[in-house]
Amino acid sequence: QVQLVESGGGLVQAGGSLRLSCAASGLTFSSYTMGWFRQGPGKEREFVAAITQGGGPTYYSDSVRDRCTISRDNAKNTVYLQMNSLKPEDTAVYYCACRRYPIDIRTAAGYPYWGQGTQVTVSS
């Protein structure tokens with residue numbers, strides 16, 4: 001069965017960095033587009049970043065562009081989200097998701113598989 005497990009969240013001060021990881025199993029990882037979404041308190045789930053099968057291309061939301069980098073290691077069935085210069089508004093539960101075809105990849109509804117999420121809290 002497809003399973004996605006996020007890790008790497010935690011409490012960090014503004015300006016700090018975190019690297020989130022998502023380990024996938026039960027699928028041919030290299031054939032899937034991987035995405036990161038987040039949901040802050042009282043907010044809708046929003047797109048953060050995505051990377052297509054084959055190592056690219058990558059996509060980012062305007063709110064994280066130039067501060068975050070998404071990457072994948074197909075040999076380890078793992079996708080990463082490196083987040084730098086974190087801001088309090090980055091506080092959210094971050095979710096890993098995957099989909100077979102890289103169509104409308106900024107929309108959460110198109111992703112059939114999701115992890116349980118990992119909490120990122122950025123203090124001021």
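Just so it is clear, the values below take in all heavy atoms, side chains as well, and ignore hydrogens, waters and symmetry mates.
A donor-acceptor contact under 3.5 angstrom links the side chains of R38 and Y94, judged on distance only. Side-chain atoms of Q116 and E6 form a donor-acceptor pair, as typed in the model, at a separation below 3.5 Å. Q13 and S123 share no donor-acceptor pair across their side chains, judged by distance under 3.5 Å alone. Counted by atom type alone, S17 and N84 present one or more donor-acceptor pairs between their side chains at under 3.5 Å.
For the atom pair OG of S63 and CD of E89, the computed distance is 9.0 Å after rounding to the nearest 0.5 Å. W114 contributes atom CH2, which lies 10.0 Å from atom SG of C98 (distance to the nearest 0.5 angstrom). Atom CG of L81 sits about 11.0 Å away from atom OG1 of T118, to the nearest 0.5 Å. Between L20 atom CG and L18 atom CG the span is 6.5 Å, to the nearest 0.5 Å. A distance of 7.0 Å separates CG in L86 from SG in C68, rounded to the nearest 0.5 Å. The CE atom of M34 lies 9.0 Å from the OH atom of Y111; values are rounded to the nearest 0.5 Å.
No donor-acceptor pair under 3.5 Å is formed between the side chain of T121 and the backbone N or O of T91. Side-chain atoms of S31 do not come within 3.5 Å of backbone N or O of F29 as any donor-acceptor pair. A donor-acceptor pair under 3.5 Å links the side-chain atoms of R67 to the main chain of S85, judged by distance alone. Side-chain N or O atoms of T33 include none that pairs as donor or acceptor with a backbone N or O of T52 at under 3.5 Å.
Put simply, V64 and V12 are part of the same group of oily side chains (I, L, V, M, F, W, Y) that touch within less than 4.5 Å, one to the next. Hydrophobic cluster membership differs between I105 and L27, with clusters built from Ile, Leu, Val, Met, Phe, Trp and Tyr side chains linked at under 4.5 angstrom. Following chains of ILVMFWY side-chain contacts shorter than 4.5 Å, one cannot reach F37 starting from I51, and the two form parts of different hydrophobic clusters.
Geometrically, R99 does not engage Y32 in a cation-pi contact, judged by NZ or CZ lying under 6.0 Å from the ring centre and within 45° of the ring axis. Stacking of R45 on the aromatic ring of Y95 is recorded, both the 6.0 Å distance cut-off and the 45° axial limit being met. Annotation: cation-pi geometry not satisfied between R65 and Y60 (NZ/CZ under 6.0 angstrom from ring centroid, within 45° of ring axis).
Looking only at side-chain heavy atoms (C-beta outward), V79 and C96 come within less than 4.5 Å of each other. You'll find the side chain of D73 reaches within 4.5 Å of the side chain of Y80, heavy atoms only. Within the 4.5 Å cutoff, the side chain of V122 has heavy atoms near those of the V120 side chain. No side-chain heavy atom of Q53 sits less than 4.5 Å from a side-chain heavy atom of S30.
Enclosure of atom CG in D104 by more than 12 non-hydrogen atoms of other residues, nucleotides or ligands within 6.0 angstrom is indicated.
Aromatic ring centres of W36 and F47 lie farther apart than the 6.0 Å criterion allows.
Considering every non-hydrogen atom in both S124 and P88, the closest pair reads CB-CG, 4.0 Å. For the pair T78 and S21, the tightest heavy-atom approach, listed with the atom from each and the gap, is CG2-CB, 4.3 Å.
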